[in-house]
Amino acid sequence: MKRDILYVDDEMENLVVFQATFEDHFNVFLAESGAKALEMLAERSFPVVVADQRMPKMSGAELFEILRRKYPHTKRIMLTGYADPRAMLSAINQGQVFYFIKKPWEQEVVFSILFRAIEAYDMSLSNLMLQDRLVAADRCAMLGRSAARLAHEMGNQLCMLPLLELIEDEYSDQEDLMQMAAFARSTHERLVEIINEVKAFVRFEREEMVTGPLALSEVVHELVEFLRYEQSVPADRLSVQIESDPRVRANRVKLQQVLINMLKNAQFAIRDCPEGRITLSVSADENHAVIVVADNGCGMSPDVAERIWEPFFTTKGDEGTGLGLDVAKSIIEGHGGTIACQTAPGAGATFTIRLPILESTSGGESRPANPGAAALPVEHAAIESQMHVW
Ligand code: ADP
């Protein structure tokens, strides 16, 4: 691929000759003054700027002094018709120029200097990227330490199990209470698993993933129940469609973790849309269980969509960590599945997970996430009414 070079000279003849000499190897852009060069640099970045020293209004050295501050990575090459060794030396020492070329210049010499300048430019950019990575790694280590502390603290707070056992012993004849206790127990188990996962991650252990055969309808149903109490995704925005009930081999908690993250992302995407809706659907094709989380929210530009699977990539500022989709992808791939996203700006986003199927039970079922109280199975209505008492 040809690289861009900007050549600045006030003499038209010189511009034409330079372009004709190097255009086979570089995209040569031309500017007839320092001011014009600055205009062009504001529009696009150039790895290399070559300038004549002697120009009216703004000399090559004056132009380079501005470039040094505004575009420090751009390599600056000075063409000069006369040699003043002291001036050259001090310009080089002040870091103003990458190279001086004395006129009349020789094609081969300039050619190799241009290549070296581009190499040096690429190198300084990759250094910059490495520095960024080091900063990210530092942040990651800090995050790890905080996560470990947090997981430890949270673990200490999870002391409600004996209380639950007490309730189960004392009130075993009260069906409603038993259902609430069972719900609390499964939430407790979910928390313990998540905390252990964080601890294992921080200790750089590869946690063994326990999987078993699961009916996806149950996984989704349990998740929707959980969301009703947790309330991060309002039930009136979410509809759930179980078109078939495929079974997969999976880890229930991890699968739910993936779905919760995607539903929360969808909720974030529709937060400013009064007509915003989220659909969570389960279906199957011949070999795969298919879970789709779709929303009609803000959607994503191609630039964003390309980066969403990167760790720490977030557009939510302090509200996001940028880890959700990275973790989701590794969980789904750890299950032998795939996860993909289709989106466009303003057109919402559709995330599709495909998991190898174990078997499929046909018979469609479609259940809104916010069934009215009358439509609720009795036990759920009871849970809801007693939540306030609890
Ligand atoms: P976080 O939610 O902490 O930002 P994620 O990895 O879950 O981290 O998501 C990364 C980014 O992907 C989000 O910051 C957002 O820009 C984009 N994204 C994810 N889901 C959606 C969605 N449903 N609609 C629009 N953008 C989304």
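Because only heavy atoms are used, hydrogens play no part in the values below, and waters and symmetry mates are left out as well, while side chains stay in. Throughout, numbering of the chain's residues begins at 1 and tracks the sequence. Indexing begins at 1, ligand by ligand and atom by atom, following the structure's order.
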Under a heavy-atom criterion of less than 4.0 Å, does G297 contact ligand 1? no
Distance under 4.0 Å to a non-hydrogen atom of [X]: what atoms of ligand 1 satisfy this?
{"X": "A349", "answer": "22 (C), 23 (N), 24 (N)"}
{"X": "A269", "answer": "22 (C), 24 (N), 25 (C)"}
{"X": "T315", "answer": "13 (C), 14 (O), 15 (C), 16 (O)"}
{"X": "F313", "answer": "10 (C)"}
{"X": "F351", "answer": "20 (N), 23 (N)"}
{"X": "G324", "answer": "5 (P), 6 (O), 7 (O), 8 (O)"}
{"X": "L325", "answer": "5 (P), 6 (O), 7 (O), 9 (O), 12 (O), 19 (C)"}
{"X": "G299", "answer": "25 (C)"}

Run down the list [options] and name the one with the heavy atom closest to [atom].
{"atom": "atom 4 (O) of ligand 1", "options": "T314, D326, I278", "answer": "T314"}
{"atom": "atom 7 (O) of ligand 1", "options": "T350, L263, N265", "answer": "N265"}
{"atom": "atom 11 (C) of ligand 1", "options": "L323, I308, V327", "answer": "I308"}
{"atom": "atom 26 (N) of ligand 1", "options": "M300, Q267, E310", "answer": "M300"}

Sorted by chain and residue number, the side-chain hydrogen bond (donor to acceptor under 3.5 Å, both in side chains) partners of R44 (sequence neighbours excluded) come out as D4
Tell me whether R68 is salt-bridged to E65, with the criterion being a basic N under 4.0 Å from an acidic carboxylate O. yes
Can we say K57 and D10 salt-bridge, meaning some charged N sits less than 4.0 Å from an Asp/Glu carboxylate O? no
Verdict with supporting geometry, L255 and L216, side chain to side chain contact (heavy atoms under 4.5 Å, CB included): CA-CA 10 Å; L255 213 51; L216 280 183; 3.7 Å; yes
Aromatic ring proximity, centroids under 6.0 angstrom, F64 and F98: no
Using ring centroids (six-membered ring only for Trp), state whether Y7 and W105 fall under 6.0 Å. no
Would you say D295 has any N or O atom under 3.5 Å from an N or O of ligand 1, going by distance alone? yes
Nearest protein heavy atom to atom 1 (P) of ligand 1, by residue and atom, and its distance? G322 N, 3.6 Å
Nearest non-hydrogen protein atom, atom 2 (O) of ligand 1: K316 NZ, 2.6 Å
Between F111 and F115, how do the two ring planes meet: parallel, tilted or perpendicular, split at 30° and 60°? perpendicular
What do you reckon, is OH of Y171 surrounded by more than 12 foreign heavy atoms closer than 6.0 Å? no
Around Q19, counting heavy atoms of other residues, nucleotides and ligands shown, do more than 12 lie under 6.0 Å from its CD? yes
Salt bridge (charged side-chain N to carboxylate O under 4.0 Å, His left out) between K103 and D52: does it pass, once the steps are laid out? CA-CA 10 Å; K103 290 202 233 171; D52 189 27; 2.9 Å; yes
